[in-house]
Amino acid sequence: MKRNRKRPDTGLWVVLLFLTLLGGFMVLPLIFLVSTAFKPPEELFIYPPRFFVENPTFANFRDLLISTSASRIPFFRYLFNSLMVTAITVAFTVIIGSLAAYPLSKHPFPGRNAVFNLIILSLMFAPEVVEIPRFLIMSNLGLMNTYSALILPNLAFPIGLFLMKQFLDQVPDAIFEAGKIDGAGEWKQFWSIALPLIRPAWATVIILSFIGIWNDASSAALFTQTEEMKTLPYFLSTVNGQGVARAGANAAASFLMTIPTVLIFVLFQSRVMSTMAYSGIKS
Amino acid sequence: MNRQIIILVKQFWKWRISYIFLAPFLLLFLLFIVAPVLASVGLSFTYYNILEPPRFNGWSNYKLLFVDDEIFITALTNTLYFALVTGPASYVLAFLFAWLIHQIPRRIRPFYTTIFYVPSLTSGVAMSVVWLVLFANDSYGYLNSILLSIGLVEEPVQWLQNVKLIMPVIIIISLWMSLGTGFLAFLAGFETINTELYDAGKVDGIRSRWHELWYITIPSMKPQMLFGAVLAVVGSFKVGEISQAIAGFPSPLYAGHTIVLHLRDYAFIRYELGYAAAISVLLFTLIYGLGKLCFRIFASKEEQG
């Protein structure tokens, strides 16, 4: 706000102090995670417990790789599965969503309002509600234990489509009408006019879809049976409960799992804000 | 009549390219979201164990749920307790922090935004390694160690065993993770409010920031607030993962049991899929009902303004 820049404002300092204190409190658990991941074994089991690592080492990461390579499935397999499933899902979510956002925003085709209302309705959708039918669909399609089973259910991402459609709504239709007069076909209009306009919204869709899929432990639990098809969050859900003996290696794995989401957000943050501005539902 | 059909077909034909653009999304949406919701409703009126075909049994799953299944009542109570605390609290916190961040100079906003948003990026499963040490039941737990050393407690608190404490711990962890998409929507919403409104407000005699917030900011933010409210409702009713990660399954005396965990128990451990479908329909109805309530609240105020 302009007012803040004009005169030094005690209110502003109070706000900053408050945000800094609470912000410190918010990052504390993450600092514990990093600290635990780099603790040598003797510091993990010390009494009284220490929050911060004193002699950081990579021992836990080595331990994680050795202990999982001794078992049938190495840690890299879970990591590879997660990266692969997330990358493909996010990419296709963005493509499919962009394709759908264009006519939903710019074409008055019959049934448009019905489709859009259905999308708004599905903002209230929680995948937990449909785990059983999805499980049955996967087994009937013969997709159990395949990457497709981990990818397909998450491709239609209503929040993503909603945000892209809202974002495109702010662009005046006249731009497209000008294109029509020039004789551009619908495909060309989409490719050379709509797509560049939607692209700023991609950052947000990528982040939201990435978080959901990267952190999703239940798809792997439901739709895959063999260990080599499981993903990182599933792996963590099975090992994290196993007590303190493995705390170091588990913290290392959890640390590795948390890094990509944070990096992606920091990378895209500035562009996210411009999309979220159009996130409102006008009822 | 025939003429109308022909007109309709012509209309569809005219917009065929629009439908082609929409088709990939719509097909996946119908197959993995709409059809499963309808299938859940259908299955909830049957007895189904995967091995034999579903057998229609009317309302008996629902009757069983409310009359005979005490553990479901526990799950329902826990979920409502969680949702009624976490839903509104996370919503207010998201709004409050977004508003506070909006008060500070533009240059440092991204830094604070990241700090408050990052917890929502983490997974409950991955962070459980921290929670299990932080809230450990013995004196090796960080929290117990602090409380013991400053003399607030005489012996270690059984954070994850005491049936009275399990839900509060889950609520605290969930609130920590709750500044998510809604929070970003609020932040972005504040930035789009026309600053002329504030100048006009000053002329009209608005003095304090609180007045400004109440009379100008909130009314201009209705659409974002509805979006955030809907996400808060959905988020607060699907609690389960964190409970399982920190209190185990089943949790001591089912103190951390929730609807989602009950659903998974019957679906994928006991294979009573009809019964589990009834649980999921109930969960869906709860979310839908409260979501619709949000729509009404925010719509009606719009008309008044």
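The model shown is predicted, which means the values in this text are computed figures rather than measured ones. Lettering of chains follows the sequences in order, A, B, ..., and the numbering in each one begins at 1.
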For chain B, the option from A:A126, A:P110, A:S254 that forms the most heavy-atom pairs under 4.5 Å: A:P110
Parallel, tilted or perpendicular: rings of A:Y102 and B:F21 (30°, 60°): perpendicular
Which of B:L38, B:L187, B:T181, B:L30 touches chain A most, by non-hydrogen pairs under 4.5 Å: B:T181
Proximity breakdown for A:T20 and chain B, heavy-atom pairs closer than 4.5 Å: both
Proximal component of A:W214, with respect to chain B [non-hydrogen, under 4.5 Å]: neither
Close side-chain approach of B:L22 to A:V115, heavy-atom, < 4.5 Å: yes
Sub-4.5 Å side-chain heavy-atom contact between A:F18 and B:L100: yes
Parallel, tilted or perpendicular, as decided by the 30° and 60° cut-offs, for the rings of B:W15 and A:H107: tilted
Atom group of A:P127 that falls short of 4.5 Å from chain B, counting heavy atoms: side chain
Exam field: side chain A:N215 to backbone B:G124, donor-acceptor pair closer than 3.5 Å: no
Heavy-atom contact with chain B under 4.5 Å, split by part of A:M124: both
Winner by heavy-atom pair count (cut-off under 4.5 Å) against chain B, out of A:I119, A:L16, A:V27, A:T36: A:L16
Expected output: side-chain B:Q224 to main-chain A:A277 donor-acceptor under 3.5 Å: yes
B:L184 vs A:T204, side chain to side chain contact (heavy atoms under 4.5 Å, CB included): CA-CA, chis, key distance, verdict: CA-CA 10 Å; B:L184 293 184; A:T204 312; 5.9 Å; no
Contacting moiety of A:F162, where chain B heavy atoms sit under 4.5 Å: side chain
Minimum heavy-atom distance between A:I281 and B:F227, given as atom pair plus value: CD1-CA, 3.7 Å
Closest-packed option against chain A by number of heavy-atom pairs under 4.5 Å, given B:P24, B:A185, B:S145, B:A23: B:A185
A:F92 versus chain B, the contacting section by heavy-atom distance below 4.5 Å: neither
Best-contacting candidate, A:L232, A:L163, A:L121, A:V272, against chain B by heavy atom pairs under 4.5 angstrom: A:L121
Option in A:L155, A:L30, A:I137 with maximal non-hydrogen atom pairs under 4.5 Å from chain B: A:L30
A:P153, part contacting chain B, at a heavy-atom distance under 4.5 Å: both
Best-contacting candidate, A:I132, A:T258, A:I211, against chain B by heavy atom pairs under 4.5 angstrom: A:I132
Choice from A:I159, A:L136, A:I207, A:V266 maximising heavy atom contacts with chain B below 4.5 Å: A:L136
Donor-acceptor contact present, side-chain A:Q269 to main-chain B:P110, <3.5 Å: yes
Which atoms of A:L208 approach chain B - backbone, side chain, both or neither, heavy atom under 4.5 Å: side chain
Side chain / backbone / both / neither for A:L222 at chain B, heavy atoms under 4.5 Å: side chain
